[in-house]
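Each remark here refers to the structure printed beneath this line.
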Amino acid sequence: MHQGIDLDINLDKIDINAESPAEEPARQYYFMAKCRERVREFERETGRRPIACVTTFGCQMNARDSEKLSGILEAAGYLLTDSEEADFVIYNTCTVRENANNKVYGRLGYLHSLKKKQPSMRIALCGCMMQEEEAVEKLKKSYRFVDLIFGTHNIYKFAELLAQMYASDKMVVDIWQGTQRIVEELPAERKFPFKSGVNIMFGCNNFCSYCIVPYVRGRERSREPEDILREIGRLASDGVAEIMLLGQNVNSYGKTLKTPVTFAKLLQEAEKTDGIRRIRFMTSHPKDLSDELIDVMKHSKKICRHLHLPLQSGSSRILKAMNRQYTKESYLKLIDKIRAAVPGIAITTDIITGFPGETEEDFLETMDVVKKVRFDSAFTFIYSKRSGTPAASMENQVPPEIVKDRFDRLLKEVQDIAAHKAQELVGTTQTVLVESVNDHDASMVTGKMDNNAVVHLKGTPDLTGRFVTVRLEECKGFYYYGTVITDDTAAQ
Ligand code: 5AD
Ligand code: SF4
């Protein structure tokens with residue numbers, strides 16, 4: 001893990017015996033200082049620093065939130081580890097599909113066994129699943145060994161909640177129903193020194209009928225462009241070369257700001273930051289993808305030639321029931337327009353099978369779009385009933401064996417197409433940002449091309465964080481083997 005936080009704060013200058021400040025982020029710095037004092041006490045008693053583990057479930061937004069949790073723990077003096085045999089463990093949960101919740105319950109059983117061995121261990125849960133009343137009731141009733149529960153809207157208060165948890169011998173639960181608030185200037189501990197996610201907005205207003213996100217992440221709120229650009233500038237001067245702009249629907253960025261700004265304009269501004277070489281973003285909603293954005297992508301030197309554009313279904317009838325606000329035809333037209341403007345762009349997608357009322361004909365429409373578009377890759381999901389969403393109370397739920405059969409056919413099709421498409425690049429020369437030493441072979445490193453494809457290379461660990469020019473030698477379905485031609489980091 002990258003040691004060093006994005007902000008310089010001197011917590012030792014804060015008087016923790018004074019009253020806590022009311023304003024943010026000063027209030028959180030005060031509680032970070034309090035937590036640090038507790039950490040020092042722990043050190044005096046045990047001769048070591050306390051160890052904390054942050055485990056992330058779910059999407060890129062959660063991954064970025066976890067970096068913020070880690071930043072706060074690091075500022076308080078904790079050592080961070082990936083092992084759950086720690087003094088403090090926090091699960092940042094997801095609830096987009098039922099199995100995400102089940103995973104958390106399963107893992108909590110394991111944490112309980114660890115806590116029985118080491119009763120001073122503290123366990124916290126946060127994130128989307130905690131915004132569901134049912135889940136929190138279940139935890140309160142049957143998982144009494146959990147020490148702290150909070151949700152998505154008050155994550156900025158983590159330092160304060162941590163202090164509260166240590167001061168209490170009861171389970172601390174703090175869940176908000178919503179917020180308009182965005183607290184800037186909190187620390188974050190990046191997983192990679194050379195790349196970072198950057199939140200540009202929070203929440204979602206789309207209410208796709210199957211989706212729980214608008215209920216657990218609240219209404220759409222955009223950060224001010226100046227705050228975003230300041231963060232990007234700071235990341236760049238700290239060695240970050242690749243950024244991923246994050247939001248549930250980045251194409252509607254800025255619409256609710258006092259002075260509205262389009263996502264395309266924000267990208268143009270972000271591109272001006274020296275040191276940033278690659279800009280990615282996700283997720284885009286097809287209904288809001290503007291010509292202006294396509295034009296900016298066409299002329300950009302830094303925006304990666306990759307677009308993640310969730311299809312969800314290829315049937316216009318199902319898309320209507322999903323409240324997606326586009327049709328099969330308009331989606332296909334949009335793809336044509338993007339490909340004409342940005343030749344060679346990689347297009348990836350999300351597809352759900354088994355939405356209520358989906359017939360074989362509807363499913364074949366989805367297969368038809370898959371064959372026509374030829375996605376570079378696709379995440380395929382079995383529809384999962386999320387309580388509280390309109391789709392959950394639709395009567396015509398599809399029997400599981402039919403969904404499974406469709407899912408298998410869909411998966412085979414998307415995988416075959418993806419493998420064929422990937423093959424087309426073998427023999428070409430590409431720029432790769434090396435991200436890590438290879439998991440299976442220490443004489444190799446692994447990186448990503450600008451279209452997001454993974455490449456394994458012979459190379460030493462010092463290549464990590466560098467841009468290299470690579471010849472793609474072989475394609476193994478979803479990833480490549482390549483050889484380094486030049487290390488071009490210095491050439492930028
Ligand atoms: N069931 C299955 N998949 C879902 N997704 C969102 N909600 C559900 C659900 N209830 C998928 C969508 C979305 C991705 C992040 O998760 O495809 O794009
Ligand atoms: Fe969910 Fe739709 Fe919002 Fe995406 S756009 S988070 S699928 S409601």
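Atoms within a ligand are numbered from 1 in the order they appear, just like the ligands themselves.
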Protein residues that have a heavy atom under 4.0 Å from any atom of ligand 1, sorted by chain and number: V96, R97, Y210, Q312, D350, I352, F381, I382, Y383, S384, R386
For K68 and N199, test the side chains for any donor-to-acceptor distance below 3.5 angstrom and give the result as yes or no. yes
Around atom 1 (Fe) of ligand 2, list the protein N/O/S atoms within a radius below 2.8 Å, excluding water molecules. C211 SG
Heavy-atom contact check, 4.0 Å cutoff: does R324 meet ligand 2? yes
Aromatic ring centroids of H456 and Y479 under 6.0 Å? yes
Assess whether a salt bridge exists between R64 and E67, defined as any Lys/Arg side-chain N lying under 4.0 Å from an Asp/Glu carboxylate O. yes
Does the side chain of E271 come under 3.5 Å of the side chain of S300 through a donor N or O and an acceptor N or O? yes
Check ion pair D362-R317 (N to O, under 4.0 angstrom): yes
Are R223 and E231 within salt-bridge range, i.e. N to O under 4.0 Å? yes
Salt bridge present between R277 and E242 (N-O < 4.0 angstrom): no
Please determine whether a side-chain nitrogen of the Lys or Arg among E84 and R107 lies less than 4.0 Å from a carboxylate oxygen of the Asp or Glu. yes
Is the shortest distance from a Lys or Arg side-chain nitrogen in E401 or K404 to a carboxylate oxygen in the other one below 4.0 Å? no
Answer yes when D227 and R230 have at least one side-chain N-carboxylate O distance shorter than 4.0 Å, and no when they do not. yes
